[in-house]
Amino acid sequence: PMLDLVNTPNGFAIINDASLVPASRERVSALRSAVDQSLSDSLADLYEYIEDDITLAPIFAKFGRSTIIPGSLLPTRRQVCAYAVFDGGYPEWIELRGKHQLIFTTTLYPRFGHKLIDAVVVSADSCQDRAIAEPLKYAFAALLINDSNTATTMMTIIDGELRDHPELYPEHIISEQKTFESKSVISFL
């Protein structure tokens, strides 16, 4: 939209040489949309600056409406966007805060165990965990955006890695034993 709009006591008008002509609804709507987009872009820049600042990020993460989700496998919107196509902006991202924990409790913990998932969240970049960390990040991002096909494929890759190299993942073996013992006790009763 052009910046030839002015606010008058009777509404918006277009500056046309020396006179003012009433502005159309479409032109006013376009101006509002441009201002909203500019505000959204500015907030995104601010959020990304804070997320990247090692001093500010931990403080910002403590706020309930923060864009950083502590304890998550992918705690920022940009990290999720590296693993999945997330079309939403920061307001939509903030609304997904509860879904992060839900994915852990309903899908990841039951399938792979608390100890293994928590170990990967803490040290996803270690050489040992890299073979499952990357597929786990893809699965997590896919679950966030409701892409069950990708999530299932990635979790199957993780299952194969855990099956083929159990010696590398003692956390998973301990979790599996506890799950088996719990099921045995429940089925026995």
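Predicted model, so just to flag it, every value in this text is computed and none were measured. For the single chain, residues carry numbers from 1 onward in sequence order. FYI, side chains are in, hydrogens and waters are out, and symmetry mates aren't considered; it's all heavy atoms of this structure.
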Item checked: Reported OG-to-CE distance for the pair Ser148 and Met155, which is rounded to 0.5 angstrom -> 9.0 Å

Notebook entry, point to check: According to the ring-ring contact (aromatic ring centres under 6.0 Å, His included) rule, which pairs have a member within residues 133-153, sequence neighbours left out?
Noted result: Tyr83-Tyr138, His100-Phe140, Phe104-Phe140

Notebook entry, point to check: Under the 6.0 Å and 45° cation-pi test, does Arg77 pair with Tyr90?
Noted result: yes

Item checked: Any pair counted as ring-ring contact (aromatic ring centres under 6.0 Å, His included), so long as it reaches residues 48-80, sequence neighbours left out -> none

Next item on the list: Using the rule that two of Ile, Leu, Val, Met, Phe, Trp, Tyr join whenever any of their side-chain heavy atoms come within less than 4.5 Å, decide whether Leu56 and Leu43 are in one cluster.
Entry: yes

Next item on the list: Nearest 0.5 Å please: distance from the NZ atom of Lys99 over to the CG atom of Asn146.
Entry: 3.5 Å

Notebook entry, point to check: Any donor and acceptor pair, going by atom type alone, linking the side chain of Thr156 with main-chain N or O of Thr152 inside 3.5 Å?
Noted result: yes

Next item on the list: Find the distance between OG1 (Thr55) and CD1 (Ile50) and round it off to the nearest 0.5 Å.
Entry: 12.0 Å

Next item on the list: Under the side chain to side chain contact (heavy atoms under 4.5 Å, CB included) rule, collect the residues that match up with Gln79, sequence neighbours excluded.
Entry: Leu74, Pro75, Thr76

Margin query: With side chain to side chain contact (heavy atoms under 4.5 Å, CB included) as the criterion, how do Glu92 and Asp87 come out once you've worked through the C-alpha distance, each side chain's angles and the decisive distance to 0.1 Å?
Written below: CA-CA 9 Å; Glu92 293 82 9; Asp87 294 328; over 6 Å; no

Next item on the list: Could you walk me through whether Arg97 and Ser66 pass the side chain to side chain contact (heavy atoms under 4.5 Å, CB included) test, one step at a time?
Entry: CA-CA 9 Å; Arg97 287 181 70 84; Ser66 168; 4.1 Å; yes

Item checked: Euclidean distance, Ile158 CD1 relative to Leu136 CG, rounded to 0.5 Å -> 4.5 Å

Next item on the list: Report the C-alpha separation of Ile145 and Thr150 in whole Å, then their side-chain angles, then the decisive distance to 0.1 Å, and conclude whether the side chain to side chain contact (heavy atoms under 4.5 Å, CB included) test is met.
Entry: CA-CA 10 Å; Ile145 63 165; Thr150 300; over 6 Å; no

Item checked: Inter-residue atom distance Tyr47.OH - Ile68.CD1, 0.5 Å rounding -> 11.0 Å

Check: How long is the gap from CG on Leu31 to CG on Asp36, to the nearest 0.5 Å?
Finding: 9.5 Å

Check: Going through the checks in order, is the side chain to side chain contact (heavy atoms under 4.5 Å, CB included) test met by Phe86 and Leu144?
Finding: CA-CA 9 Å; Phe86 178 72; Leu144 272 174; over 6 Å; no

